Amino acid sequence: ESEPPISWKHRADMGILAEPYWLSVLEEAGYNIGIPIPSKAKCGPHMTTYIDGIMDWKYPIEIKDKTGFGYKKLVTEQYSGLAGREPGEYTQVQLGMYAVNAKVALYLCAPADPALLQRVMRDSKQFGPSYELPPFYLEWVPRNDTHIDMALERAEMIVKDLGQDTAPPREFDGIPVNKKGEPKFPCGWCS
């Protein structure tokens, strides 16, 4: 088993350091912020989630520290919120709400290097030299029981597949063509 790249370890460490900072900012803004004990909660078969914080003892908080292009995608692409921009993180937030039986969660994200990202964006024709990068991205994410059920069903399928000697069937996202209008998946080349 190989070690993950040092840059991945660095990003993980910076994410851990960002959490107390943002919880303190929210607390200074007048919100009642706590850290659940234990912060590790069961959220499906063989799955646990770590709740970064709790606002007013009922709203879980998910804090992310993103690299430049991930943050740029989050604040500029025209999709419907976190669900359309970062589906994996949306699922994580949904499973966090499921784990603590919450109806809504706060998603907070900040860029890892805002000055560098702003400079890159100002140099592009799309944004221009006076572009001001939002210092953070906040979204109240409502609970979506349909999405939670789908994630739990997928987790159960994966657990079942782990116990078999044959490869699981290929997955299909329901979108038959790519952005160029070409047939997408299944391609017939991979097993």
Side-chain angles (χ1 to χ4, degrees), residues 2-29 31 33 39 43 49-55 59-97 102 104-144 146-148 150-151 154 171-182 184-185:
S2 64
E3 284 283 312
I6 191 73
S7 62
W8 291 9
K9 291 179 181 180
H10 177 72
R11 291 300 325 129
D13 291 344
M14 294 311 293
I16 291 168
L17 292 172
E19 290 171 10
Y21 169 78
W22 285 109
L23 293 174
S24 297
V25 168
L26 291 169
E27 200 166 58
E28 280 295 313
Y31 297 102
I33 303 297
S39 64
C43 65
T49 184
Y50 291 86
I51 306 297
D52 295 335
I54 295 282
M55 182 182 290
Y59 306 116
I61 303 168
E62 181 59 39
I63 299 170
K64 295 289 184 195
D65 184 59
K66 281 193 166 311
T67 58
F69 292 107
Y71 188 75
K72 177 182 179 259
K73 175 182 169 185
L74 191 60
V75 298
T76 62
E77 289 191 7
Q78 299 301 311
Y79 295 106
S80 57
L82 183 65
R85 295 176 183 130
E86 293 288 356
E89 291 177 10
Y90 178 76
T91 299
Q92 180 186 6
V93 171
Q94 291 297 327
L95 290 174
M97 282 187 276
V104 67
L106 180 65
Y107 175 86
L108 187 154
C109 179
D113 190 343
L116 176 62
L117 179 58
Q118 180 168 280
R119 175 65 189 199
V120 168
M121 292 173 78
R122 283 180 174 178
D123 286 346
S124 77
K125 289 180 183 178
Q126 180 183 2
F127 299 100
S130 61
Y131 178 76
E132 290 294 325
L133 182 72
F136 55 85
Y137 175 88
L138 280 176
E139 182 178 338
W140 284 103
V141 181
R143 183 178 174 127
N144 181 335
T146 303
H147 192 86
I148 291 169
M150 184 245 1
R154 180 172 167 74
E171 292 187 42
F172 178 55
D173 63 6
I175 302 170
V177 294
N178 64 19
K179 291 179 181 178
K180 297 177 184 175
E182 302 163 334
K184 218 173 102 177
F185 203 88

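Because the structure is a prediction, the values reported are computed rather than measured. FYI, side chains are in, hydrogens and waters are out, and symmetry mates aren't considered; it's all heavy atoms of this structure.
- The side chain to side chain contact (heavy atoms under 4.5 Å, CB included) test with Leu133 is passed by exactly one of Lys72, Gln118, Arg119: Gln118.
- Atoms OH and CD1, on Tyr50 and Ile16 in that order, are 10.5 Å from each other to the nearest 0.5 Å.
- Shown here for Gln94 and Val141, the closest heavy-atom pair between the two residues is NE2-CG1, 3.5 Å.
- In this structure, the side chains of Val25 and Phe136 stay at 4.5 Å or more apart for every pair of heavy atoms.
- Atom CD1 of Ile54 is separated from atom CG of Leu106 by 11.0 Å, given to the nearest 0.5 angstrom.
- Every side-chain hydrogen bond (donor to acceptor under 3.5 Å, both in side chains) that Glu89 has, sequence neighbours left out, goes to Lys66, Tyr107.
- Between the CD atom of Glu19 and the CG atom of Leu108 there is a distance of 10.5 Å, given to the nearest 0.5 Å.
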query = Can you check side-chain contact (heavy atoms from CB on, under 4.5 Å) on Leu23 and Ile61, steps first, answer last?
reply = CA-CA 9 Å; Leu23 293 174; Ile61 303 168; 4.0 Å; yes
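- Although no hydrogens or angles enter the test, the distance criterion places no donor-acceptor pair under 3.5 Å between the side chain of Glu62 and the main chain of Ala105.
- The existence of a salt bridge linking Lys9 and Asp13 is excluded, since no basic side-chain nitrogen approaches an acidic carboxylate oxygen closer than 4.0 Å.
- To the nearest 0.5 Å, atom CG of residue Asp65 and atom CE of residue Met14 are 6.5 Å apart.
- Annotation: Tyr31, atom OH; neighbour count of heavy atoms from other residues, nucleotides and ligands within 6.0 Å does not exceed 12.
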query = Yes or no on side-chain contact (heavy atoms from CB on, under 4.5 Å) for Leu74 and Leu82, after CA distance, side-chain angles and deciding distance?
reply = CA-CA 8 Å; Leu74 191 60; Leu82 183 65; 4.2 Å; yes
task = Begin with the C-alpha distance, continue with both residues' side-chain angles, and end with the deciding distance and a verdict on side-chain contact (heavy atoms from CB on, under 4.5 Å) for Thr49 and Leu95.
result = CA-CA 7 Å; Thr49 184; Leu95 290 174; 5.6 Å; no
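- Residues Pro111 and Leu117 share a closest heavy-atom pair of CB-CD2, 4.3 Å.
- For residues 125-136, the pairs satisfying salt bridge (Lys or Arg N to Asp or Glu O under 4.0 Å) are Arg122-Glu132, with sequence neighbours left out.
- A donor-acceptor contact shorter than 3.5 Å is absent between the side chain of Tyr59 and the backbone of Gly53.
- More than 12 heavy atoms of other shown residues, nucleotides or ligands fall within 6.0 angstrom of atom OH in Tyr131.
- Looking only at distances, no side-chain donor or acceptor of Glu27 sits under 3.5 Å from a matching main-chain atom of Trp22.
- Counting non-hydrogen atoms of neighbouring residues, nucleotides and ligands closer than 6.0 angstrom, the CZ atom of Phe127 exceeds 12 such neighbours.
- Ile51 and Pro60 get closest at one heavy-atom pair: CG2-CB, 4.1 Å.
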